[in-house]
Each structure stands twice: as C-alpha cells, then as structure tokens.
Amino acid sequence: MKTLSAQQVEERFGITPEQLEQWEKYVSQGILPSEPRGPVITGPGRPMKFGEEMRQVGFKEPKSRVALIDARAAQLGLKRSDYLRGLVDRDLASSGLV
C-alpha cells in the first residue's frame with residue numbers, strides 16, 4: 001500500500017492537513033458530522049440491506065452444482081448469495097412481476 005504525503009492528499013483530494021486533524025478529533029470522540037444518506041436504523045443486528053425486513057430462502061443442490069454456482073459467481077466477482085439473488089431478480093423482472 002502506498003502512503004501519500006500531506007501535499008499529495010491535498011492535491012489529489014482537496015483535503016488539508018488541518019481538515020484531517022479535525023476529522024480525526026471528531027471520529028475519536030464518536031462525532032460524525034454529516035447527514036445520513038438513507039434511513040437510520042437502530043437496534044441490534046445488521047442494518048437492513050434492501051430497506052425492508054428480510055426472510056431466509058434456501059434450497060438444496062448437489063455439491064457439484066454448488067461448486068459450479070460458486071465458480072460462476074467468482075467469475076462475475078460476486079458472492080454466491082448475490083449471484084443467486086441476481087438470477088431471481090432478472091427472472092421476476094422478465095415475468096413482469098416487479
């Protein structure tokens with residue numbers, strides 16, 4: 001990993017050393033001075049990924065088929081769940097249901 005100098009950071013991103021110091025001070029105090037970009041959800045567990053409550057969906061496949069699913073997901077740079085979710089999304093869209 002390449003480390004940038006303060007001058008390079010300022011030139012590349014327009015962030016001064018003083019701004020970085022102020023941001024570090026805020027973050028170390030737990031202050032995040034910005035506006036949320038989506039709904040703020042509090043409580044235990046992971047935040048909602050898709051803006052609504054999720055339900056578990058599962059099915060069994062032979063090991064050989066799971067290996068092929070994983071290989072294809074990897075080719076696309078996806079996790080298995082995201083690959084399968086995409087297949088379902090495209091099928092539902094093509095059927096006119098969503």
Side-chain angles (χ1 to χ4, degrees):
M1 179 168 85
K2 180 180 175 185
T3 303
L4 299 176
S5 69
Q7 181 180 356
Q8 290 171 315
V9 170
E10 188 168 358
E11 289 171 0
R12 191 176 292 181
F13 303 108
I15 301 169
T16 66
E18 292 78 20
Q19 286 174 303
L20 286 174
E21 288 176 22
Q22 186 65 46
W23 293 348
E24 182 181 14
K25 179 181 171 187
Y26 285 151
V27 171
S28 68
Q29 296 172 359
I31 300 170
L32 302 174
S34 64
E35 293 297 320
R37 296 181 184 221
V40 177
I41 299 162
T42 60
R46 294 175 71 178
M48 289 188 199
K49 186 172 182 178
F50 297 102
E52 64 180 279
E53 184 179 342
M54 305 290 280
R55 298 276 313 264
Q56 182 83 22
V57 176
F59 57 95
K60 294 184 182 230
E61 287 286 344
K63 284 183 176 183
S64 60
R65 177 63 55 97
V66 173
L68 294 172
I69 291 169
D70 289 345
R72 180 61 179 143
Q75 284 178 343
L76 298 170
L78 300 171
K79 294 185 288 184
R80 180 193 303 160
S81 59
D82 291 328
Y83 170 65
L84 294 172
R85 192 175 292 115
L87 292 174
V88 171
D89 288 347
R90 284 189 295 280
D91 181 66
L92 292 174
S94 71
S95 72
L97 292 173
V98 292

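Along the sequence shown, residues are numbered consecutively beginning with 1.
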J.: Rounded to the nearest 0.5 Å, what separation is found between the CZ atom of Arg12 and the OG atom of Ser5?
T.: 9.5 Å
J.: Might you confirm whether atom CD of Gln7 has over 12 heavy atoms from other residues, nucleotides or ligands at distances under 6.0 Å?
T.: no
J.: Which value, rounded to the nearest 0.5 Å, describes the distance between Gln8 atom CD and Thr3 atom OG1?
T.: 9.5 Å
J.: Show the numbers, then the answer: is there a side-chain contact (heavy atoms from CB on, under 4.5 Å) between Glu24 and Leu20?
T.: CA-CA 6 Å; Glu24 182 181 14; Leu20 286 174; over 6 Å; no
J.: Please write out which residues are connected to Ile31 in a hydrophobic cluster, directly or through intermediates, given that two of Ile, Leu, Val, Met, Phe, Trp, Tyr count as joined at side-chain heavy-atom separations below 4.5 angstrom.
T.: Tyr26
J.: Is there a continuous path of hydrophobic side-chain contacts, each under 4.5 Å between heavy atoms, that joins Leu76 to Leu84?
T.: yes
J.: Ignoring hydrogens and angles, write down the donor-acceptor pairs under 3.5 Å from the side chains of residues 89-98, residues two or more places apart or on other chains.
T.:
unit_1	atom_1	unit_2	atom_2	d
Arg90	NH1	Gly86	O	3.4
Ser94	OG	Arg90	O	3.4
Ser94	OG	Asp91	O	2.9
Ser95	OG	Leu92	O	2.8
Ser95	OG	Leu97	N	3.4

J.: Shortest non-hydrogen contact from Gln19 to Gly14?
T.: OE1-O, 3.5 Å
J.: Looking at Ile69 and Arg80, what are the two nearest heavy atoms and their distance?
T.: CG2-CG, 3.8 Å
J.: Rounded to the nearest 0.5 Å, what separation is found between the CZ atom of Phe13 and the CG atom of Leu4?
T.: 6.0 Å
J.: Can Leu87 be reached from Leu78 by stepping across I, L, V, M, F, W or Y side chains whose heavy atoms are under 4.5 Å apart?
T.: yes
J.: Are any of the side-chain heavy atoms of Val88 and Arg85 separated by less than 4.5 Å?
T.: no
